[in-house]
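Here is the structure we will look at.
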Amino acid sequence: MRQINRNMAVFLSGLFVLTVAIPLMQGQVLPDYAVQLVGKYLCYALLAVSLDLVWGYAGILSLGHAAFFTLGAYVMGMHLMREIGARGVYANPELPDFMVFLNWDSLPWFWGASDSFAVTLLLVVAVPGALAFIFGWFAFRARVNGVYLSIITQAMTYALMLAFFRNEMGFGGNNGLTDFKDLLGIPLSSPGMRLGLFIASALALAAGLLIARAITQSHLGRVLVGVRDAESRTRFLGYRVEEYKLFVWTVSAMMAGVAGALYVPQVGIVNPGEFAPANSIEIVIWVALGGRGTLVGAALGAMVVALTKTLLTGWLPDAWLYALGALFILVTLYLPRGIVGALEGLKPARKPQEVAA
Amino acid sequence: MRLIRLVLICLMLPVAALAQSFDEIATLLPDGSYEDRAARVSALAASGDPRAEALLSALAAGDLAVLKADGRLVVVTGNAAQDALTGTDAGPVTRRDVTRVRVNNNLRGQIRAALGSLGLSATDPGVRARAASQLEAAPDPTQLPALEKALGTETDPAAKSALELARATVLLSAPDAAPEARAEALSLIVARRGASAQALIRAQLDDPVLKDAAASALTHIERAEKLRGWGLTLWQGVSLGSVLLLAAIGLSITFGVCGVINMAHGELVMLGAYTTFVVQEMIRNHAPGLFDWSLAIALPLAFVITGAIGIAIERGIVRKLYGRPLETLLATWGVSLILQQAVRTIFGPNNRQVGNPSWMSGSTEVFGIALTWNRVWILLFALAVFAFLMLVLRRTALGLQMRAVTQNRAMAAEMGIRTGRVDALTFGLGAGIAGLAGVALSQIDNVSPNLGQGYIVDSFMVVVFGGAGSLWGTLAGAFTLGIAGKLAEPLAGAMLAKVLILIFIILFIQKRPRGLFPTRGRAVEG
Amino acid sequence: MSILNIDNVSKSFDGFRAINDLNLAIAKGELRAIIGPNGAGKTTMMDLITGKIRPDQGTLFFDTTHDLTRLDEAGTARLGIGRKFQKPTVIESLTVGENIDLALAGPRGVWSALRGPDRATASRERARLLDLVRLADPGRLAGELSHGQKQWLEIAMLLAQEPRLLLVDEPAAGMTDAETMRTADLLRDLAGEHSIVVVEHDMDFVRALNCRVTVLHQGHVLAEGPLDHVSANPEVIDVYLGR
């Protein structure tokens, strides 16, 4: 437990330094796009933390976490679409371009709240949270476990991908939502906005880590570990395992939604491809590489893999999938506790903890 | 108006034909309305004059023209002109010298029909049958006498049948023919042509005598059509089911016996398809005559190649992660990425051309449903693979051991079964089946590095729905999902149908978390 | 007064009758041993009592008023039925102390779990229980314990639940002779305050329990009474020794 606290402290300090250093370097050493890039990595890190919360602590291997991320992204994307207003290609003050193109004459009802930034912030957590709650309520109550659960989470995100590809869904079909102009009246391309989004991402990541830590270090966190290690024992102790899973699953989905919402204004587009099952599995390798059940490791793993991907795809595009594939194999075979776990293992064995008796 | 005129012309025609000579009618061709010309065309065809065919063909081709100089009817070919009636050379002409006799599409149809009736007296029965079909396609009541005459002397059964059909069609197009003959014609059309004659039969609803018979025939046809529609959907569903069965069955075995999900299964299918591609390439380059054997050569090759890769995956990776199914899932996903990229590097990212052997091309028709041969063969092949696996499981020592390990791994080990060897062989078998599936799927799907990705979610769904490790479950799961998917498609559209199926499965495993056919055995509790 | 009443209960799996018209009553504070050959339906009976599976027919009542067929595992646990598995199951990546904390009686809901149990009571209870099962180091990871120690930890967790009925599946498995005898002593001590059902193979252990014995065979009660009495029963001998 102490280990976790120390790792957390080190990581958060590092994050703080980054958050202070980047604005100082922006425009001088660092080009604007680099700020955006790091901001994107921070969103990935938050997404990884959300997955670690369910996989590392409750043993739920989600192969569909990109679904929650992307839903959060779509909610924010809808708001950004509305902020375009009459500046779209068709200059329609009421409807986003793709709806004009499809000859729709009014906004569908579910776009009704997208005007308001405040409501959008609420929906960013509420929509992924609601999906997670409904899905989890069915899956956990039926005691779907292990690989079965993983497979149906994959099916969930696959189904969403197919659904969002349809124009009739009202989310821009194939092309998704893009051509955003500004947020809260400030152009997305302005250095100030980029910096603001970066700082917001850093704060969200810090908050996510602290919330995850609070949950996992509470009594509830121990119940979750019980669920992970010996589900049936935990049941016979009187805990309704499905309720605990549902709780942490829903919290995790909300966190992923926030990550998605911060991601969209920084990359400027969201489309159904984000739902692809392969994306969800990539999140898992971030967590596995960093160290499952270490929270900080998950965040670190996400940033390391994302950075490598950026460098490698720019440099040797064909090598990336080989590298990623090898990473999956090598980490599971030789680094089961991830980077953070391995580093801990290098240190001298910890002293037996004294617990007041 | 037009109808009345047509009827009048029809009534007049035989008389007119008698009254006027062939030459007279021919020279009148450029004059009058299109309807008038149509009447003359029919008259010319009915005249029995040997010059009719050449004249009408020229007219249809737009080569018939009037010389401006003397008003002679000529056939123009290039810069030469020929007298249309005498066949003598009319000297070189330019475009300016002639006025072409204009034809429109309607008239062209009439001409074709008229030409057809000329073929009725040909000596070759094939030509006679074709002529009859032409008449049927463009029924012209004036040809009725010619048809009757031809029918009276026809001996060839195929030609006779075509003539009967043509006669019936012509009769139905002539409202003034004898009602009894028309009623007979209607029943003949209904019996012979069914749904394809719907428009023709519907036209009879206005006829006071035929309307009841036509109406009842139409309801019959509609019912049959609906049935055929269902049959078609069912067939498409069964065909999709056979594809799913092929893609999922290997997965089901490895999942059932070894308890691990092989995420690289789709890529093994893809490798099977590429094996087919390579085999066909080599055959094309070295022994084109063997092309029809390409699949037979590719099948064992694919089985061995993918089977060996499967065993390598089990030995190298899966074995080391035993008891950690989720980690196995991730590691095999890594394998799938590498295989995909390797194929992309070697063969390029685009679709590769894999051909159908002749015996898999084309289609046949059963109860009016077109079945393409490749789909039929794939269904048979899927069932054969299923039977083969059933045999392996039921009749071989490996099968017995596999079943023992599935039901109680610890007990099987106690009894001296080398579970490690069983795992490796099972994995190899599952992978080999994936390769076989790839050979089959290369016949209907694009062979690209992404081929496997397209099947992975669907085949998981089949396994989850049917129950892992149960062959019967996989069979039932594949066909249920295939048919259900195709049934839902017309109602909801292809994509939404898929979404609905996925939602259905998520709800289904509420009720039966272990699928349709849960594998028996002592549940291992964690 | 009975704490547990099982009446005319049957349960089949795929046509196999695991429990066949079973009748059993356990009195409050009673210690009862259940013996029977493999496949007699002992584990199925435990699963039925704890709500893990539902009977095809018959009734199971706890404390005469609670219908066990309507509850799940967590529900029966909250009612006061504790179950110890044959294979010791503790939560290996938590410490011994944390394992006990999880088991301590108290609210089991998600929201109350966020707050956790009252610290002072928890540490007092923890100390008492660890002392009882002679586990010294609460900070040790449960996964590092020996097989026997895990058994003891599980028993301590069971007691931490303050159950009214304890279901104990082969507690002596994997224990040394001395440990086995100590377990028997402990169970005898606990009887009275708790009602206890012990499923066991080890006849020495059953003898040491010195209690009423029920012989289960093919999902049905074959004989019931003191150990000497049932072991003299010709039917029981038949079943155990085979024909």
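Here the structure is a predicted model, which means the values were calculated and not measured. Residue numbers start from 1 in every chain, and the chains themselves are labelled A, B, ... in the order their sequence lines are given, proteins ahead of strands.
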Self-check item: Minimum side-chain heavy-atom gap B:Ile338-A:Leu321 below 4.5 Å
Solution: no
Quiz item: More than 12 heavy atoms of other residues, nucleotides or ligands under 6.0 Å from CZ of B:Phe508: is that the case?
Solution: yes
Quiz item: Looking at CD1 of B:Ile317 and CD1 of A:Ile329, how far apart are the two atoms once the value is rounded to the nearest 0.5 Å?
Solution: 4.0 Å
Quiz item: So which part of B:Leu330 gets closer than 4.5 Å to some heavy atom of chain A, the side chain, the backbone, both or neither?
Solution: both
Practice problem: Heavy atoms only, distances under 4.5 angstrom: which of A:Ala323, A:Ala142, A:Gly59, A:Ala163 has the most pairs with chain B? Name it, please. | Solution: A:Ala142
Quiz item: Non-hydrogen atoms of chain B under 4.5 Å away: do they reach the side chain of A:Ala278, the backbone, both or neither?
Solution: both
Quiz item: Is there a donor-acceptor pair under 3.5 Å between the side chain of B:Gln341 and the backbone N or O of A:Ala319?
Solution: no
Quiz item: At what distance, to the nearest 0.5 angstrom, does CD1 of B:Ile503 lie from CD1 of A:Ile152?
Solution: 12.0 Å
Quiz item: Are B:Gln453 and A:Pro277 side-chain neighbours, meaning at least one heavy-atom pair lies under 4.5 Å?
Solution: no
Exercise. Take A:Ile281 and B:Met263 through the side chain to side chain contact (heavy atoms under 4.5 Å, CB included) test and state the conclusion after the steps.
Key: CA-CA 11 Å; A:Ile281 303 183; B:Met263 291 292 274; 3.5 Å; yes
Quiz item: Given a strict heavy-atom distance threshold of 4.5 Å, which part of A:Arg228 is in contact with chain B: side chain, backbone, both, or neither?
Solution: neither
Quiz item: Within a strict 4.5 Å, meaning less than it, do heavy atoms of the A:Trp55 and B:Leu326 side chains meet?
Solution: yes
Quiz item: Based on non-hydrogen pairs under 4.5 Å, which of B:Thr332, B:Leu500, B:Val464 is most in contact with chain A?
Solution: B:Val464
Quiz item: What option among B:Leu339, B:Leu321, B:Val260 has the most heavy-atom pairs under 4.5 Å with chain A?
Solution: B:Leu321
Quiz item: What do you reckon, is CZ of A:Phe165 surrounded by more than 12 foreign heavy atoms closer than 6.0 Å?
Solution: yes
Practice problem: Flag the one option from A:Arg166, A:Met161, A:Arg141 with the top tally of heavy-atom pairs under 4.5 Å to chain B. | Solution: A:Arg166
Exercise. Could you go through the side chain to side chain contact (heavy atoms under 4.5 Å, CB included) check for A:Leu63 and B:Leu329 one step at a time?
Key: CA-CA 10 Å; A:Leu63 296 184; B:Leu329 190 154; 3.7 Å; yes
Practice problem: Given side chain to side chain contact (heavy atoms under 4.5 Å, CB included), test A:Tyr158 with B:Phe460 step by step and report yes or no. | Solution: CA-CA 12 Å; A:Tyr158 185 67; B:Phe460 279 157; over 6 Å; no
Self-check item: Closest non-hydrogen atom pair between B:Ala331 and A:Thr332, with its separation
Solution: CB-OG1, 3.4 Å
Self-check item: Within-4.5 Å side-chain heavy-atom neighbours: A:Tyr322 and B:Leu337
Solution: no
Quiz item: Got more than 12 heavy atoms from elsewhere within 6.0 Å of CH2, A:Trp104?
Solution: yes
Exercise. Could you walk me through whether B:Phe255 and A:Val147 pass side chain to side chain contact (heavy atoms under 4.5 Å, CB included), step by step?
Key: CA-CA 10 Å; B:Phe255 191 20; A:Val147 285; 3.2 Å; yes
Exercise. Could you tell me which non-hydrogen atom of B:Lys320 sits nearest to which non-hydrogen atom of A:Tyr334, and how far apart they are?
Key: NZ-OH, 4.1 Å
